[in-house]
Amino acid sequence: MTRDPLKIGVLGYRFMGKAHANALARLPMFFPDAPEIVRHTLVGRNEEELADAADRFGFAHTATDWEAALDEVDVFYNLGPNHVHAEPSIAALEEGVPVLCEKPLAPTVEEAATMRDAAAAADVPAGTAFNYRFVPAIRYAKGLIEDGELGEIRQVRGRYLQDWLVDPDAPWAWRMDAEMAGSGALGDLGAHTIDLANFLVGDRVGGIDRVSGQLTTFVDERPVYDENGDVAEYRDVTVDDAYAAQVDYESGATGSFEASRVAEGHKNDHTIAVHGSKGSLEFSLERLNELEVLREGNRGYETVLVTEESDPYVDRWWPPGHVIGWEHTFVHENYEFLSAVAEGDTFEPSFEDGYEIQRVLDAIGRSDERGERVAVE
Ligand code: SOE
């Protein structure tokens, strides 16, 4: 029996809207076993911009009211600003509509808890879009760790460096407001790294027990420009430009994490390293087809090109050595999420995973405020 195509509703049409729309468009060609979908409704506030985006991204309809849109679709993607994540996602889940929500789940751990609870009460998938879990080299790394290639896991080290806010004249945006975003580099970038560490080693080291964190804001106000490009006003920056944290895992393993939006010369430099009793591995997003592996007995790291057809997802694309890119991680993520929706399976990373990250982000913020190490609550 052929199913009707899944009607996808998407709130948000900027960077993440483009990344997910591209992923949805790629599925029929590269993942023909994915459920059939239609890019049905694109939701946003500015009707002119929305119509243009819907045309470019291939959506049949637009809506400025997300509640009305929920009645028309089978699946809801919440790609809006962090402060818009909770209400529409909870409403969708209460109507039995599966949700994929961008990270971080919410500005606060309290709001993330309400989203986690709504997902627990709904019997449909609710995903947190930590797309870097879907990099073939990360999946390969997880396999090495689970096969014991690194032995007992002792240390994890992650950093996410960007430099789009080095210029003090870079315009103010919602990502710089604590009420709207929750935090800055910590939640926007740190959430990815801390989740990736959980994905790689969480089964072996347990959860994060305690943290010691520091948040820093270097530029404390930024300009808002008018339509002529002149400065209309200055607004306060109430979130961090950079963070650093030291964490303790249940097993006794430790983690060091940092992120910055003002690390001049670094564009999307997301790296993670894992050190065990028998070896190490290192991953860099700017070289996402490769994994550096140091196996027991070897003097140094070897560079593994993770592009064999036996490597996760690679057989869907090109022959060995014909590398993939950042956008492919969204195709993999969308394939897994929509397959879970169609098959009534669970999807990870879930809202529960997103909530667990929010607990750590909250603890890092509390540690910074108190100037001391704190427990994750
Ligand atoms: C920030 O610049 C950002 O767009 C994050 O919000 C995304 O999650 C990350 O994948 C790329 O950088």
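All values below were derived from every heavy atom in this structure, side-chain atoms included, with hydrogens, water molecules and symmetry-related copies excluded. Counting convention: from 1, in listed order, for ligands and their atoms alike.
Atom 11 (C) of ligand 1 has its closest protein heavy atom at Tyr160 OH, 3.4 Å.
With a 4.0 Å heavy-atom cut-off, ligand 1 is reached by no atom of Phe330. At a 4.0 Å heavy-atom cut-off, ligand 1 does not touch Arg261 at all.
Between the His192 side chain and the Leu189 main chain, no donor and acceptor come within less than 3.5 Å of each other.
Set against the non-hydrogen atoms of Tyr132, the atoms of ligand 1 under 4.0 Å away are 9 (C), 10 (O), 11 (C). Under a 4.0 Å criterion applied to the non-hydrogen atoms of Trp164, ligand 1 contributes the atoms 2 (O). Per-residue contacts place Arg175 under 4.0 angstrom from the following atoms of ligand 1 (heavy atoms of the residue considered): 6 (O). Using a 4.0 Å cut-off to heavy atoms of Phe15, the atoms of ligand 1 that qualify are 4 (O). Listed by atom number, the atoms of ligand 1 under 4.0 Å from Lys103 heavy atoms are 5 (C), 6 (O), 7 (C), 8 (O). Heavy-atom contacts of Asp188 reach the following atoms of ligand 1: 1 (C), 5 (C), 6 (O) (cutoff under 4.0 Å).
Of the listed residues (Gln162, His192, Glu102), the one carrying the non-hydrogen atom nearest atom 8 (O) of ligand 1 is His192.
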Taking only distance into account, with no hydrogens and no angle test, what donor-acceptor pairs under 3.5 Å do side-chain atoms of residues 195-208 form with protein atoms, sequence neighbours excluded?
residue: Asp195; atom: OD1; partner: Arg133; partner atom: NE; Å: 3.3
residue: Asp195; atom: OD1; partner: Arg133; partner atom: NH2; Å: 2.7
residue: Asp195; atom: OD2; partner: Arg133; partner atom: NE; Å: 2.8
residue: Arg204; atom: NH1; partner: Ile145; partner atom: O; Å: 3.3

Side chains of residues 29-41: which donor-acceptor partners sit under 3.5 Å, not counting sequence neighbours?
residue: Asp33; atom: OD1; partner: Arg316; partner atom: NH1; Å: 2.7
residue: Asp33; atom: OD1; partner: Arg316; partner atom: NH2; Å: 3.1
residue: Asp33; atom: OD2; partner: Arg316; partner atom: NH2; Å: 3.0
residue: Asp33; atom: OD2; partner: Tyr335; partner atom: OH; Å: 2.4
residue: Arg39; atom: NH1; partner: Phe57; partner atom: O; Å: 2.9

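A ring-centre distance under 6.0 Å is found for Trp326 and Phe15. Aromatic ring centres of Trp317 and His322 lie farther apart than the 6.0 Å criterion allows.
Between Tyr313 and His332, the two ring planes are parallel [angle under 30°; tilted spans 30° to 60°].
With Arg373 as the partner, the salt bridge (charged side-chain N to carboxylate O under 4.0 Å, His left out) test is satisfied by one option alone out of Asp248, Asp209, Asp368: Asp248.
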